[in-house]
Number of protein chains: 2
Amino acid sequence: MKKSRVTLTDIAKALNISASTVSRALKDHPAINKETKRAVVKLAKKLKYQPNLLALGLLQKKTYTVGVIVPEITGHFFSTVITGIRDVLSPAGYNIAICLSNESFQEEIAITEKMAKTQIDGVLVSPASSTKTYKHFKALQKNGIPLVVFDRDCPGLDADKVLVDDYDGAFQAVEYLINSGCKNIAHLSGPMNLSITEHRLQGYLDALGKHKFPVKQENVIHVSGFTHEDGIKPAQKLLKLKNRPDAIFAMNDCIAISAMHVAKKMGLQIPGDVSIIGFDDEPHSSYFTPALSTIWQPVYSVGMLSARILLSKLQEGEEEPELRREVFKPELIIRASSKAV
Amino acid sequence: MKKSRVTLTDIAKALNISASTVSRALKDHPAINKETKRAVVKLAKKLKYQPNLLALGLLQKKTYTVGVIVPEITGHFFSTVITGIRDVLSPAGYNIAICLSNESFQEEIAITEKMAKTQIDGVLVSPASSTKTYKHFKALQKNGIPLVVFDRDCPGLDADKVLVDDYDGAFQAVEYLINSGCKNIAHLSGPMNLSITEHRLQGYLDALGKHKFPVKQENVIHVSGFTHEDGIKPAQKLLKLKNRPDAIFAMNDCIAISAMHVAKKMGLQIPGDVSIIGFDDEPHSSYFTPALSTIWQPVYSVGMLSARILLSKLQEGEEEPELRREVFKPELIIRASSKAV
DNA sequence: TTGTACGCGTTATCAT
DNA sequence: ATGATAACGCGTACAA
């Protein structure tokens, strides 16, 4: 027997008044008798009345729910972004529906469709690494659902964007390695087709170029995913090269840790034989031995700003054609896994 | 100008037929003309019609959405549980609404209320460490919303539960330390009032008791939270004791890493001077130096089973009074941070 | 101050 | 095979 929940009408019947009066009493409507209001509020509390948000959403065409699509939440990055998003959206009265694409294009499409059906008010998204076209995002926009892209760019998609200057972070890291005397710098790059992969790779290449360092094909290896396991073989390949690199810039901390692990197993000194720098500044990165040098990003701010931008679109209602593109600067954090300059 | 999305009626008008016919055409109803069906489907596709799930939910009193309440997602544990939950619920046609209580009792209450309002079908929850009463959960149940508690128990709450035998895990760890020759074993315990904290502590105490080891007050310190920072001071306090422990069993890997960090800074050998064992088997735990011994839990299975139990309640409809209580056994994983037996 | 009527989008039921 | 109607729970314009 499905217990149906208490409704406005239930209260109205019990008090022998109309549902609209009950509605007004519960919403601080100006035109309402104090007595009736008191009675209604009292009974509502007693019956533990909960307004049905589905009905409200249907009526107002507004659900006060924002969808957040991220590829994963195992790492520090996205879970922190989500915290930033929540800290902005929650006080503003918005719900957050977190959805994981699992780095899968297909799942991402399924999620966006579901969101459109559930009448979500707006969407914050960081696309999966396997995402190739943006039709599903454009479909959302055509439905009048504002979209903000964060961290991972969607080149060619007209949307508000909050990004981090990955190019700059990579450039800083590699230039530091050069300044610290490294001569043969390798790069453990990310999965192809991902904006952050490309930008970090380009930063690496340009830093080498600026200092007239030759770029060697063999020194750049793409990993297939973001787990430790994904980094092991590529790191081995790199460190077994005839002309072994004396520095590795890894696309993230997780992969950097794999590289450290491999290097240590091979009996190499860090940073004596190989300097290593990661990206992301995961919370545990400073606890490894040696402590990992890395690139710090204003992750929490990325979440907050993305949410604020979405919020403004949501509240102004009128779509303003001016799209925002905000880019945060990352910072190099030098610890013990790289030589001093 | 808010673009309202395409509805059944829009399609009906365009085709000069009734909304119900359109509805039938789109749902493979038996009684429907092939021609009209073809026309409807074609137009629906062209117009990118998306059924409004709010309306459906309102009508059927079923939203096909399940709420998942977890204290945090930064660690490996809850993100993996969520994966398990999703892998069961998604194929069954259910949506998942992930909500973070942030270890806050207040937020947890707010979340449960919101879930009741949004007419969620069922709830999976692992309570916050600050949660003290279960009224909010009972309110959900009274509303006819099935509830499954996982990992962290709610003593006294009548609900389906999927737990891990934390007592047993702790017992195994401590007994191993004893067998490996440690004489003065300390425990970095979790926040008070948390079932897993109590069970792990009890396992520690009973293992000592079984082997006639004295229990020293000074050897048990509670940490206030689950981050690395929360573990530093307690670990320092422990390792600066006049009678320094020769082993530490930490309530989780994160805290164990803090302890390792402190020990190394003090120039202690691990496991020569201090053995260390954690709990959770985080993915990076084996990459530390020395690799961390720990307790592995069937995390993914916890998620899957919880979801399956909820699913059965959801589908059978009729509430069956028989509550399930499933307890998984954890496994001790010995790496390099503890001596061999 | 309060009640009535209507509509949000959908489906089930009954009628045609 | 198709259409009309009612219903889900709520808020609001309008009437009383």
Side-chain angles (χ1 to χ4, degrees), chain A residues 2-41 43-44 47-65 114 116-121 143-144, chain B residues 2-41 43-44 47-65 114 116-121 143-144:
Chain A
K2 189 166 291 172
K3 216 176 296 176
S4 76
R5 299 155 203 176
V6 182
T7 73
L8 274 190
T9 332
D10 293 335
I11 299 182
K13 275 181 191 160
L15 258 40
N16 251 325
I17 55 179
S18 84
S20 32
T21 307
V22 177
S23 169
R24 282 187 281 252
L26 259 22
K27 304 204 63 182
D28 292 322
H29 192 94
I32 182 84
N33 185 308
K34 269 204 170 184
E35 288 306 308
T36 39
K37 179 172 174 178
R38 240 173 27 90
V40 168
V41 170
L43 186 61
L47 261 39
K48 300 217 174 88
Y49 166 71
Q50 305 271 49
N52 184 327
L53 260 29
L54 289 189
L56 234 180
L58 188 57
L59 198 55
Q60 303 181 170
K61 294 174 184 263
K62 187 141 200 228
T63 53
Y64 286 96
T65 300
K114 194 93 179 195
K117 291 179 193 168
T118 53
Q119 312 297 106
I120 228 151
D121 289 348
N143 269 251
Chain B
K2 187 165 294 174
K3 218 177 293 176
S4 75
R5 299 156 203 176
V6 182
T7 74
L8 274 191
T9 331
D10 293 336
I11 298 182
K13 276 182 190 159
L15 259 41
N16 251 324
I17 55 180
S18 85
S20 20
T21 307
V22 177
S23 170
R24 282 188 282 252
L26 258 23
K27 305 202 61 181
D28 293 323
H29 193 93
I32 182 82
N33 184 308
K34 271 204 169 185
E35 288 306 309
T36 38
K37 179 171 174 179
R38 240 173 28 90
V40 168
V41 170
L43 187 60
L47 261 39
K48 299 218 174 84
Y49 165 71
Q50 305 272 48
N52 185 328
L53 261 27
L54 290 189
L56 234 179
L58 186 57
L59 198 56
Q60 304 181 169
K61 293 175 184 264
K62 186 137 202 228
T63 53
Y64 287 95
T65 300
K114 194 93 178 195
K117 290 180 193 168
T118 52
Q119 314 295 106
I120 228 150
D121 289 348
N143 269 252

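Every chain is numbered from 1 and lettered A, B, ... according to where its sequence line falls, protein lines coming before strand lines. Since we're looking at a predicted model, the values are computed, not measured.
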In whole Å, what is the span from the CG atom of B:Leu8 to the C1' atom of D:dT2? 15 Å
Using side-chain heavy atoms (C-beta onward) and a distance below 4.5 Å, is A:Val40 in contact with A:Ile17? yes
In whole angstroms, how far is the P atom of D:dG9 from the CD atom of B:Gln60? 13 Å
In this structure, how many angstroms lie between the P atom of D:dT12 and the CG atom of A:Leu58, rounded? 14 Å
Got a salt bridge between A:Asp10 and A:Arg5, using NZ or NE/NH1/NH2 to carboxylate O under 4.0 Å? no
Would A:Leu15 and A:Leu43 count as a side-chain contact (heavy atoms from CB on, under 4.5 Å) here? Give the steps. CA-CA 9 Å; A:Leu15 258 40; A:Leu43 186 61; 3.3 Å; yes
Within less than 4.0 Å of OP1 or OP2 of C:dT11, is there a side-chain N or O belonging to B:Ser23? yes
Expressed as a whole number of angstroms, how long is the span from B:Leu56:CG to C:dA12:C1'? 12 Å
Specify the separation, in whole Å, of atom CD1 of A:Ile17 and atom C1' of C:dT1. 11 Å
Which one, D:dG3, D:dC10, C:dG3, comes nearest to the side chain of B:Thr21? D:dG3
Does anything in residues 25-40 of chain A reach DNA chain D, meaning a heavy atom under 4.0 Å, and if so which residues? A:Lys27
Are B:Leu53 and B:Thr65 close enough, and set up right, to give a side-chain contact (heavy atoms from CB on, under 4.5 Å), and what steps lead you there? CA-CA 11 Å; B:Leu53 261 27; B:Thr65 300; over 6 Å; no
Go nucleotide by nucleotide along DNA chain C from the 5' end; which of B:Arg24 and B:Leu59 gets its closest nucleotide reached first? B:Leu59
Looking at CG of A:Leu8 and CZ of A:Arg24, how far apart are the two atoms once the value is rounded to the nearest 0.5 Å? 11.5 Å
If you check every side-chain atom of A:Lys61, which of C:dT11, C:dG9, D:dG9 has the closest atom? C:dG9
Within the 4.5 Å heavy-atom criterion, are B:Leu26 and B:Tyr49 side-chain neighbours or not? yes
Please pick, from C:dG3, D:dG9, D:dG3, the nucleotide with the shortest atom-to-atom distance to any side-chain atom of B:Ser18. D:dG3
Rounded off to whole Å, could you give me the CG-to-C1' distance for the B:Leu15 and D:dG3 pair? 15 Å
Can you tell me the distance, in whole Å, between the NZ atom of B:Lys62 and the P atom of C:dA12? 14 Å
NZ of B:Lys117 to CG of A:Leu54, rounded to nearest 0.5 Å, is 13.0 Å
B:Asn52 CG to D:dC10 P: how many Å, rounded? 17 Å
First of A:Gln119 and B:Ser20 reached from the 5' end of DNA chain C, by closest nucleotide: A:Gln119
